[in-house]
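Working notes, beginning with the structure itself.
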Amino acid sequence: MSDQLKYIKENRDRFLEELKELLRIPSISADSAYKKDVMAAAEGVGKSLKSAGADKVEICPTPGYPIVYGEKIIDPKLPTVLVYGHYDVQPADPIDLWDNDPFDPVIKKTEIHPEGAIFARGACDDKGQMFMHVKALEVMMQTNTLSCNVKFMIEGEEEVGSVNLGWFVERNKEKLASDVILISDTGMLANDVPSITTGLRGLSYVEVKVTGPNRDLHSGLYGGAVANPINILTQMIASLMDENNHITIPGFYDDVIEISKEERAEMAKAPHSDEDYKRKLKINDVHGEKGYSTPERASIRPTLDVNGIWGGYMGEGAKTVIASEAFAKISMRLVPDQHPDKITKLFKDHFESIAPNSVTVEVTPHHGGDPYVSPTDNRGYKAASAAYEDTFGKKPIPVRSGGSIPIVALFERELGVKSILMGFGLDTDAIHSPNEHYGVFNYFKGIETIPQFFKHFAEMED
């Protein structure tokens, strides 16, 4: 057994307990009521970095929540790895669908995680995965095996669009100078099928408001004579997709790069079963754009989804009203070379154009991000692939993810550095949902694999 594995084994219980301690902090960046908790999480990450062996740790203020910066420079001549992660989490709602308090982590065995999984908000996204890097630093420091310089940039606004990360990066390019950026905020295909994410979809997120009469109206006295904003909104949304689940916004697909048959064939080699997919999600059938497989629909094709819709009376019992207003939140996942600003404008122009004169429509853009594709022939990818092969005993499969991490394109644009996405979560971990969890196996496999990345990255040449 190597010194690193021995150290991990000897400190296993403590590594779990320290993660639980961080998970107990309800660092919900979307809700200002949790501001003190978000700040507490930042302080907690800073203390953990110091304990792990970082020489310099700063809680860097921004116009929003702070960024935790840490570094361990062992030799300026050696390559530098910049680790990115986030300490903020999604809201836990709906609370009544959780089997345990979302901020009181518990470990339970599951069919997929026979060693147990940590159930808590943020367990996988992203506290558990981010904290692997903190513990990996500790492992390397305590076994005298740190082979690269390392810097940490852990933010507190990822779940609200990283609104101040660009502001920080622009002002700290020298501080953040590095040779590669390492991120664990994605997943892998299965615990016995490691994979590296090489592509991410971009994002355009909007909120729409449809307004009808100047007040809520009695549905008996006015029904049939006055436009119902909720009815109109649902009709407008329904028109955004055709019978083949193809998005009908004019110009929406103009910049989409079509994936070659050869690349689609390579993607198809990744293990996937629609039957297993349906069983895990408890659905009767899959659904999506005609002409594409389930993995393709969820990765290389753009989408449009309603993330929330409301209006009118939603209390107990009945209240017969025609609501004055109706609202919806809509996200569009984008693929290369779609640009979020252009897509947002196309959506706004189209949505306003299809509204009847009986209502008014307001479209409010929220956050967005560019899609990203990482090459598989560079030093960073090769080091990551070798690291997975060391710890899993097989080469990882390169895959494209359907998720969005807008800051990856920002990093390349502002810092001129490629990002390597070494995620250890699974698609069944219920991130952003009730009962989010993260496998104990995955947590420790990450702590074991990350030091191997450092080792190979130091040994390889561009």
Side-chain angles (χ1 to χ4, degrees), residues 161-163 166 198-211 227 229 231-261 263-264 267 286-309 326-374 400-410 412-413:
S162 299
V163 289
T198 58
L200 295 164
R201 288 193 288 195
L203 177 67
S204 168
Y205 196 102
V206 300
E207 182 172 327
V208 299
K209 175 182 177 182
V210 175
T211 303
N231 293 357
I232 298 296
L233 175 60
T234 56
Q235 292 164 6
M236 292 172 67
I237 289 173
S239 76
L240 297 175
M241 307 278 281
D242 66 16
E243 66 276 9
N244 294 319
N245 294 305
H246 195 266
I247 297 164
T248 58
I249 299 170
F252 187 88
Y253 292 95
D254 284 357
D255 298 324
V256 171
I257 295 179
E258 297 292 339
I259 304 300
S260 68
K261 291 182 179 178
E263 188 170 352
R264 290 178 69 179
M267 289 180 60
V286 295
H287 181 86
E289 186 179 0
K290 186 177 180 180
Y292 294 90
S293 67
T294 298
E296 289 174 336
R297 290 168 176 169
S299 61
I300 64 171
R301 297 301 295 168
T303 63
L304 185 151
D305 286 293
V306 179
N307 304 130
I309 186 166
F327 304 82
K329 294 180 186 288
I330 297 172
S331 65
M332 290 158 282
R333 300 287 175 169
L334 314 178
V335 299
D337 277 340
Q338 291 180 301
H339 191 279
D341 291 343
K342 180 177 179 179
I343 293 298
T344 299
K345 186 177 188 306
L346 288 174
F347 176 91
K348 184 177 188 295
D349 292 346
H350 177 67
F351 206 71
E352 290 174 348
S353 73
I354 62 174
N357 291 331
S358 53
V359 298
T360 58
V361 171
E362 181 180 350
V363 178
T364 303
H366 285 284
H367 59 280
D370 291 307
Y372 180 80
V373 177
S374 178
R400 292 200 184 191
S401 169
S404 303
I405 309 179
I407 47 83
V408 175
L410 166 72
E412 183 164 340
R413 184 172 64 250

[atom1]/[X] to [atom2]/[Y] distance, rounded to the nearest 0.5 angstrom?
| X | Y | atom1 | atom2 | value |
| --- | --- | --- | --- | --- |
| L200 | S374 | CG | OG | 9.0 Å |
| H367 | S162 | NE2 | OG | 8.5 Å |
| L304 | T248 | CG | OG1 | 8.5 Å |
| I309 | I237 | CD1 | CD1 | 4.0 Å |
| F347 | I249 | CZ | CD1 | 6.0 Å |
| I343 | M332 | CD1 | CE | 7.5 Å |

Lys/Arg N to Asp/Glu carboxylate O, D341 vs K345, below 4.0 Å: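 Looking at D341 and K345, the cut-off is not met.
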
Pairing of D370 and R413 as salt bridge, 4.0 angstrom limit: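 Yes, D370 and R413 are salt-bridged.
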
Exceeds 12 heavy-atom contacts within 6.0 angstrom, atom NZ of K329: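 Correct, the count exceeds 12.
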
R301, K290, R264 screened by salt bridge (charged side-chain N to carboxylate O under 4.0 Å, His left out) with E296, the one that passes: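 Only one option passes, and that is R264.
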
pair R333-L203: side-chain heavy atoms closer than 4.5 Å: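 Yes, at least one pair of side-chain atoms sits under 4.5 Å.
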
Distance-only side-chain donor-acceptor flag, N245 / H287, under 3.5 Å: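 Yes, H287 and N245 have a side-chain donor paired with an acceptor closer than 3.5 Å.
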
Nearest heavy-atom pair of [X] and [Y]: which atoms, and what distance?
| X | Y | result |
| --- | --- | --- |
| R400 | S299 | O-CB, 3.2 Å |
| L346 | G251 | CD1-O, 3.5 Å |
| S358 | A227 | OG-CB, 3.3 Å |
| T303 | I247 | C-CD1, 3.6 Å |
| Q338 | P302 | OE1-CB, 3.4 Å |

Derivation of the side-chain contact (heavy atoms from CB on, under 4.5 Å) call for M267 and I300: CA-CA 10 Å; M267 289 180 60; I300 64 171; 3.7 Å; yes

